[in-house]
Amino acid sequence: MQITVDMNLCESHGQCVFAAPEIFSFDDDDRLVHEASPPDALLDKAEKAAAVCPARAVTVSPASPPAAP
């Protein structure tokens, strides 16, 4: 899976951090950071994090297929 956060929309409410702390956190400057390609086992938490974001800044999509050689 691929996680995208539109930082232009993100208002740092932190709901994603509460929903999926394995994926989302705040750095020392209180900026949101996230794992862009977390394990598929965290899909439910990632989808919940996207759903609870009041700014709708979090997007969860399938992993991109590997590039052809």
Side-chain angles (χ1 to χ4, degrees):
M1 102 182 86
Q2 188 71 28
I3 306 278
T4 306
V5 177
D6 184 336
M7 296 309 289
N8 291 320
L9 293 177
C10 179
E11 299 172 349
S12 298
H13 292 284
Q15 297 305 307
C16 58
V17 177
F18 294 120
E22 304 88 343
I23 301 170
F24 301 92
S25 63
F26 288 107
D27 67 12
D28 292 338
D29 295 322
D30 291 328
R31 289 182 299 216
L32 183 69
V33 293
H34 69 286
E35 185 171 342
S37 298
D40 288 338
L42 296 175
L43 178 61
D44 288 342
K45 286 191 170 197
E47 289 177 338
K48 181 178 180 185
V52 298
C53 177
R56 299 293 180 241
V58 178
T59 304
V60 179
S61 55
S64 300

For this session: Go through the steps for V17 and L32 under the test side chain to side chain contact (heavy atoms under 4.5 Å, CB included), then give the verdict.
Result: CA-CA 9 Å; V17 177; L32 183 69; 3.9 Å; yes

Exercise. Between T59 and D6, does a side chain to side chain contact (heavy atoms under 4.5 Å, CB included) hold up when you go through it step by step?
Worked result: CA-CA 8 Å; T59 304; D6 184 336; over 6 Å; no

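Nearest heavy atoms, I23 versus A46: CD1-CB, 3.8 Å. Between C16 and V52, the shortest heavy-atom contact is N-CG2, 4.4 Å. The heavy-atom pair separating A49 from A19 by the smallest distance is CA-CB, 3.8 Å.
More than 12 non-hydrogen atoms from other residues, nucleotides or ligands lie less than 6.0 angstrom from CZ of F26.
Residue pairs that meet the salt bridge (Lys or Arg N to Asp or Glu O under 4.0 Å) test with at least one member in residues 33-60, sequence neighbours left out, are E22-K45. Among residues at least two apart or in separate chains, salt bridge (Lys or Arg N to Asp or Glu O under 4.0 Å) pairs with a member in residues 23-32 are D27-R31, D29-R31.
With a 4.5 Å cut-off on side-chain heavy atoms, Q15 and P54 count as touching.
Residues L43 and V5 share a single hydrophobic cluster, defined by chaining ILVMFWY side chains whose heavy atoms lie under 4.5 Å apart. Using a 4.5 Å cut-off between side-chain heavy atoms of Ile, Leu, Val, Met, Phe, Trp and Tyr, with links allowed through other members, V33 and I3 fall into different hydrophobic clusters.
The distance from the OG atom of S61 to the CE atom of M1 is 9.5 Å, given to the nearest 0.5 Å.
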